[in-house]
Amino acid sequence: MLDEGRRRARRGTDVVVAYAECHARPHTEEKLEGLEILPRTHREYRGSTFSEMDLDRVLDRHPEVALVDELPHSNVPGGRNAKRWQDIEELLAAGIDVVTTVNVQHLESLNDVVEKITGVPQRETVPDEIVRRAHQIELVDMPAEALRRRMAHGNIYQPEKVDAALAHYFRVGNLTALRELALLWVAGRVDETLQKYRSEHGIGTVWETRERVVVALTGGPEGETLIRRAERIADRSSGGDLLAVHVARSDGLADASPAALAKQRELVESLGGSYHSVVGDHVPTALLDFARAENATQLVLGTSRRSWLSRLLVPRGIGEDTVELSGDIDVHMVTHERAGRGRRLPVPGRQLPHARRVAGPVAGLLLPLLLTVVLANTRGTLNLTSEALLFLVTVIGVACLGGVVSALLASLTASLLLNYYFIPPSGQFTITEPNNALALAVFVVVAVTVAAIVDRSLRLARRAASATAEAETLSSMAGNILRGDQAVSMLLEHTRETFGMESAELVPRSDQETEAVDGADGLVKVPAGPDRVLVLRGRSLPASEHRVLTAFAAHLAAALDHARLTEAAAEVEPVKAADRMRTALLAAVSHDLRTPLAGGRAAISSLRSTDVDFSAEERDELLATADESLTKLNRLVDNLLDMSRLRAGALTLHLQPTAFADVLPLALDTLSATSVPIESQGLAEICDVLADPPLLERVIANLVINAVRHSPEHQRVLISASALGPRVELRVIDRGPGLRPEDRDRIFVPFQRLGDNDNTTGLGLGLALSRGLAEAMGGTLTPEDTPGGGLTMVLSLRADEQGPSTP
């Protein structure tokens with residue numbers, strides 16, 4: 001990081017060191033020479049002083065580049081951000097480039113893995129997404145032995161710590177494992193960049209930069225065998241990826257088991273792979289489109305489950321077509337126990353393959369001729385009825401192979417051959433007996449009817465399979481929603497994968513883009529709400545897939561609307577909170593500001609009046625009234641201003657050794673006359689605390705006012721102090737009604753007065769302001785029950801044991 005800062009500074013870039021933690025390492029400190037280093041801010045927390053990056057100073061300085069060390073660092077309480085990466089987001093939002101550092105063990109996704117390897121839990125982590133958003137990531141890599149040599153030479157730890165570090169966290173095995181995690185994580189980030197580049201430039205060929213193994217799942221019982229085989233193939237190449245894909249198709253073979261697919265999905269994800277579902281009429285094409293889109297290098301298929309009869313009628317299957325079309329993707333055909341055990345006959349697809357469209361008519365001509373030759377050689381064995389039935393069976397077989405057209409051709413050929421060779425008189429196209437004529441007519445009608453019924457049943461099966469495929473695809477998206485994958489970007493990626501496209505994005509709708517159209521270049525556009533269009537690039541989609549795509553687009557529109565509403569709600573919430581605060585403030589001050597103003601004004605107006613001649617005693621009383629009213633008004637305004645400063649993080653502190661015995665009289669002087677006696681004990685003997693005297697006075701005054709307000713008349717309020725380790729506790733004890741446990745946090749909410757129905761008892765800012773001031777000074781303010789009844793407010797501050805503290 002420092003080397004990069006020096007390089008940029010030499011090029012004339014305005015670079016500052018916003019925060020760099022050198023850990024007293026001389027070689028690291030040398031690299032700070034020549035760089036502008038911004039001063040840090042200091043914060044008190046639990047009795048110690050800590051230095052932090054001064055975010056406001058960096059924003060005011062506004063360099064071109066800020067160097068900020070330790071990205072996952074948790075800030076000391078007191079600043080406006082809990083984590084340093086949140087500070088960096090503010091710098092980026094202000095237009096300041098940031099160069100930062102992060103160790104691999106602090107990545108959130110690797111936290112549990114690192115703990116298993118090293119045995120050390122990492123308390124400070126940073127979300128992976130924050131690191132992924134960096135414009136550039138540079139891996140600083142070093143062999144484990146070299147790092148251990150640096151440590152042994154004293155370049156990292158002090159000599160007395162080296163032996164323990166080398167024997168525990170910095171063992172060779174630990175460092176090697178952490179190094180591999182870093183290499184793989186950065187490789188994944190590089191791969192994301194490569195995929196984005198391929199998509200933007202329309203690159204469809206496979207770049208074998210990394211082994212990716214795709215396993216095709218049908219939902220059949222062989223799925224688990226294929227997954228484990230594919231996982232072993234991926235494991236042979238370090239860093240290989242496993243992707244499982246199921247093609248929801250509409251070609252009539254809808255035998256996928258949803259339960260089996262769900263179980264296989266769990267297996268894939270347990271092995272570290274990912275599961276995907278795509279839509280495609282032609283399974284080999286859909287598989288290869290998905291594989292190329294994911295830059296896969298290998299494809300694993302199971303050998304066919306088709307029976308010998310199916311293979312006899314249709315020799316080529318999905319495996320053979322996939323191998324032929326695979327190109328530069330290696331295809332593995334894996335055998336399994338269900339291979340060749342299928343019982344179903346091949347079913348025509350939405351459009352018959354070319355081979356069957358040719359084989360059907362040819363069979364319609366040749367099979368009746370072959371049957372005629374066989375029956376002619378066995379003449380006399382069968383009667384006319386049996387011969388006619390054999391021809392009928394032949395016609396039905398042709399119908400199953402080639403459809404109605406082929407069946408019509410086969411029935412015409414069979415009827416002519418049956419008439420010529422087997423219906424008397426033989427050798428002539430004449431029929432002498434009416435019964436034979438009727439039989440021939442019935443033969444033709446039955447053949448055509450059966451062929452039509454078979455064809456219709458196949459079309460209905462295709463429709464049912466298509467509906468099943470659509471339902472399966474939509475069910476996959478519904479599953480993503482139930483698992484919480486509702487981000488628009490994730491849904492777009494799921495849509496791209498499902499339809500095997502190169503890219504998918506939501507773009508603003510123009511006036512002309514009111515209907516879904518397919519471009520000649522493979523551009524598909526579908527409306528996604530009133531102002532957006534879902535645009536996919538890759539291939540043209542058939543009408544059946546358009547229906548499913550329209551459902552995807554509708555869900556994307558809903559997800560986009562939900563994201564907008566969530567974002568709007570997030571933006572409105574601070575405004576609502578401020579509005580609630582403003583409303584409460586206006587309601588609260590309506591009485592509290594008006595009362596002292598009215599009292600002071602009345603007293604001063606009376607003194608200025610020339611109509612009444614006041615005695616000296618009356619004049620003193622009016623002056624005292626005016627002074628008391630203005631004092632109350634001043635206290636109210638100070639409380640409001642301090643609360644505003646606390647909320648804005650703009651309160652200035654001047655911590656110094658302060659004695660409770662010196663501050664208490666000043667705090668009590670601000671109180672009005674009361675019938676509740678106030679006593680103190682132990683204040684003179686206690687040591688000083690580190691505090692801002694005026695603010696400490698305000699805290700004590702507010703605590704005493706609250707105690708007096710809730711104490712019965714003539715019941716004393718006791719103020720005591722005691723030391724507890726490095727801290728000093730001040731207790732303000734009353735004998736009032738006390739607090740219910742559920743109200744102990746509510747009393748510190750601004751403008752909250754428990755049990756009050758009006759504003760006559762104060763703004764309700766005293767305790768909220770007191771806790772805020774106490775925490776700003778590095779202390780705490782907590783309520784406790786008073787033994788015997790009542791409430792004790794405990795103010796804890798750091799004792800002054802080492803002299804003044806200068807933040």
Side-chain angles (χ1 to χ4, degrees), residues 251-253 304 306-318 320-321 340 342-433 435-462:
D251 64 354
L253 188 57
S304 178
R306 295 186 303 150
S307 64
W308 65 270
L309 180 58
S310 297
R311 296 187 184 193
L312 178 63
L313 296 176
V314 183
R316 293 179 61 86
I318 292 175
E320 290 79 2
D321 290 342
R343 295 184 176 86
R344 296 180 8 164
L345 291 173
V347 186
R350 176 168 305 183
Q351 185 177 10
L352 290 173
H354 178 72
R356 293 177 62 176
R357 292 200 303 270
V358 173
V362 172
L365 292 173
L366 294 181
L367 289 181
L369 289 174
L370 292 176
L371 180 60
T372 300
V373 172
V374 173
L375 293 177
N377 292 330
T378 59
R379 188 181 295 274
T381 305
L382 301 174
N383 58 24
L384 179 59
T385 301
S386 299
E387 293 168 341
L389 289 175
L390 289 175
F391 275 103
L392 182 59
V393 171
T394 303
V395 172
I396 293 175
V398 172
C400 293
L401 178 65
V404 173
V405 175
S406 299
L408 288 174
L409 181 59
S411 64
L412 179 60
T413 304
S415 62
L416 292 176
L417 292 173
L418 187 62
N419 181 11
Y420 188 83
Y421 286 102
F422 301 102
I423 295 179
S426 301
Q428 300 179 15
F429 289 106
T430 58
I431 301 176
T432 57
E433 295 185 11
N435 288 336
N436 292 339
L438 178 60
L440 185 60
V442 170
F443 169 81
V444 174
V445 171
V446 169
V448 174
T449 302
V450 170
I453 292 174
V454 170
D455 184 73
R456 184 172 182 274
S457 66
L458 296 179
R459 284 188 285 107
L460 291 176
R462 289 196 299 270

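- Residues Y421 and R379 share a closest heavy-atom pair of O-NH1, 3.1 Å.
- For the side-chain hydrogen bond (donor to acceptor under 3.5 Å, both in side chains) condition, the pairs that include at least one residue of residues 386-403, sequence neighbours left out, are N383-S386.
- In this structure, S411 OG and F391 CZ are separated by 12.5 Å, a value rounded to the nearest 0.5 Å.
- Residues that satisfy the side-chain contact (heavy atoms from CB on, under 4.5 Å) test with T381, not counting sequence neighbours, are T378.
- In plain terms, the two heavy atoms of A414 and V395 that are nearest each other are CB-CG2, 4.1 Å.
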Name the atoms and distances for all side-chain donor-acceptor pairs under 3.5 Å in residues 367-377, with sequence neighbours left out.
| unit_1 | atom_1 | unit_2 | atom_2 | d |
| --- | --- | --- | --- | --- |
| T372 | OG1 | P368 | O | 2.7 |
| N377 | ND2 | V373 | O | 3.2 |

Evaluation steps, side chain to side chain contact (heavy atoms under 4.5 Å, CB included), between L390 and L382:
CA-CA 10 Å; L390 289 175; L382 301 174; 3.8 Å; yes
